[in-house]
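Below: one structure, written as structure tokens.
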Amino acid sequence: MDTFNINGTLIWYYYICPREVWFIGHSIEADQENDFLALGRHIHDFYYKRQKKEFIIDNTIKIDILPGKKVIGEIKKSSKYLKSAAMQIAFYLYFLKQKGIILSGELLFPEERKREKIFLTKEIENELKNAINNINKILNMDKPPKATKIHYCKNCAYKEMCWS
């Protein structure tokens, strides 16, 4: 069995759609012209640009550190995907913990003027271990999981691959 490099993006999509996990893990890019992807990039670039420092660690995680806080920040366009976003930032905290670095996290939703603090608990660590195991199983499949209509499909950049 291959062990894939699990990253924050795969964790994020695991909580949305296993089919997207397979596509991303097999380097099948989504429609980069998708309006929702473009909006997400704009929000990330526009908000907080003077308040954060971006770091790439082991070519696996890309995190934003909020100055003066010792906090990993993650900017999202909406809290609609709160579980995915929380688990993504928890994965970063877990990854850093393996290297002896203990931080907390904060999700930033600038369009909603909301913040959500994230802490790595034993329960979340166990859930992440399970998610990583399941992601590896998905990525080892010869074909993507069967398409299943969910409420996220409407705005998905991969929807043409699933529903054409």
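The residues of the chain are indexed from 1 along the displayed sequence.
Note on Phe119: it does not cluster hydrophobically with Leu128, by side-chain heavy-atom contacts below 4.5 Å among ILVMFWY residues. Cluster annotation: Phe23 is connected to Met141 through the hydrophobic network of ILVMFWY side chains, with a link wherever side-chain heavy atoms come within less than 4.5 Å.
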Apply side chain to side chain contact (heavy atoms under 4.5 Å, CB included) to Ser104 and Ile72, showing your working.
CA-CA 6 Å; Ser104 61; Ile72 296 174; over 6 Å; no
_One pair to check against side chain to side chain contact (heavy atoms under 4.5 Å, CB included): Ile24 and Tyr158. What are the steps and the verdict?_
CA-CA 10 Å; Ile24 292 165; Tyr158 287 101; 3.3 Å; yes
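Evaluation of the ring-ring contact (aromatic ring centres under 6.0 Å, His included) test over residues 122-143, restricted to residues two or more places apart or in two chains, returns none.
In this structure the side chain of Tyr13 never reaches within 4.5 angstrom of the side chain of Ser84, judged on heavy atoms. Two residues are said to be in side-chain contact when any heavy atoms from C-beta on lie closer than 4.5 Å; Ile11 and Tyr15 meet this criterion. Between Ile75 and Phe109, every side-chain heavy-atom pair lies at or beyond the 4.5 Å cut-off. Taking 4.5 Å as the limit, every side-chain heavy atom of Glu111 sits out of range of all side-chain heavy atoms of Ser78.
Here the straight-line distance linking atom NZ of Lys129 with atom CG of Asn134 works out to 14.5 Å at 0.5 Å rounding. Going from atom NZ of Lys137 over to atom CD1 of Ile132 covers 13.0 Å, rounded to the nearest 0.5 Å. Distance check: Leu103 CG to Ile118 CD1 gives 13.5 Å after rounding to the nearest 0.5 Å. Note that CD of Glu116 is 9.5 Å distant from CD of Glu106, once rounded to the nearest 0.5 Å. From Ile135, atom CD1 reaches atom CD1 of Ile6 across 5.0 Å, with rounding to the nearest 0.5 Å.
The minimum heavy-atom distance linking Cys153 with Thr148 is given by the pair SG-O, 3.9 Å. Annotation for Leu120 and Ala90: closest pair CD1-O, 3.8 Å, computed over non-hydrogen atoms.
Open room surrounds CD on Glu160; 12 or fewer heavy atoms of other groups in view lie less than 6.0 Å from it.
Salt bridge present: Lys76 and Glu74 bring a charged side-chain N and a carboxylate O closer than 4.0 Å.
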Output side-chain donor-acceptor pairs under 3.5 Å for residues 91-102, partner residues at least two apart or in another chain, one line each.
from, atom 1, to, atom 2, distance (Å)
Tyr92, OH, Gln88, NE2, 2.8
Lys97, NZ, Glu125, OE2, 2.5
Gln98, NE2, Tyr94, O, 3.4
Lys99, NZ, Asp58, OD2, 2.6

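By the 6.0 Å and 45° rule, Lys83 does not stack over the aromatic ring of Trp12.
In this structure, Tyr81 has its ring center under 6.0 Å from that of Tyr152.
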